[in-house]
Amino acid sequence: MGASETELMLKGYGLTTAEFFYRMPDHIHVLNTFVWQDYDLAPDHPKLFGFIEFWQREIDGPLHSVRFTHRKMISPGEWRNVVGEFLLH
């Protein structure tokens, strides 16, 4: 059994979302989209590139382009120390 989502996030994995644009096999001038999500490690993205290789090897619709984003779900808190104050009227 694989690791839970929380365990993956603690190991540095983040959520990767990819939008695949591909040509329909029977209608080559028609583009379609497919959305894929998984927890992956940046900057190498082994799961995403593994899925792209699978697509090219097994799926009939040739890829036109892939657009993706990656977001770490657990990261250090973002804060800043404010040392000044502005008073209006």
Subject >> Path from Val66 to Val30 over hydrophobic side-chain contacts below 4.5 Å >> reply: yes
Subject >> Shortest non-hydrogen separation from Leu15 to Tyr39 and the atoms involved >> reply: N-CD2, 4.0 Å
Subject >> Spacing of Thr17 atom OG1 and Phe68 atom CZ [to the nearest 0.5 Å] >> reply: 11.0 Å
Original post:
Looking only at heavy atoms, what is the nearest atom pair of Leu41 and Pro46, with distance?
Top reply: O-CD, 3.6 Å
**OP:** First locate atom CZ of Phe21, then atom CG of Leu31, and finally report the distance between them rounded to the nearest 0.5 Å.
**Re:** 8.0 Å
Original post:
Counting distance only, does the side-chain N/O of Trp36 pair as donor-acceptor with the main-chain N or O of Ile52 below 3.5 Å?
Top reply: no
Subject >> Contact list for residues 11-28, test salt bridge (charged side-chain N to carboxylate O under 4.0 Å, His left out), sequence neighbours left out >> reply: Glu19-Arg67
Original post:
Counting N and O atoms only, with roles assigned by atom type, does the side chain of Gln56 sit under 3.5 Å from a partner on the main chain of Glu53, one being a donor and the other an acceptor?
Top reply: no
Original post:
So how far is it from Glu5 CD to Leu10 CG, rounded to the nearest 0.5 Å?
Top reply: 12.0 Å
Subject >> Any donor-acceptor N/O pair, Asp40 side chain to Lys47 backbone, under 3.5 Å >> reply: yes
Subject >> Spacing of Thr33 atom OG1 and Phe20 atom CZ [to the nearest 0.5 Å] >> reply: 11.5 Å
Subject >> Interatomic distance, Ile59 atom CD1 to Tyr22 atom OH [nearest 0.5 angstrom] >> reply: 9.0 Å
**OP:** Supply the atom-to-atom distance Thr16 OG1 to Phe51 CZ, rounded to the nearest 0.5 angstrom.
**Re:** 13.0 Å
Subject >> Linked, directly or transitively: Ile28 and Leu63 (ILVMFWY side chains, under 4.5 Å) >> reply: no
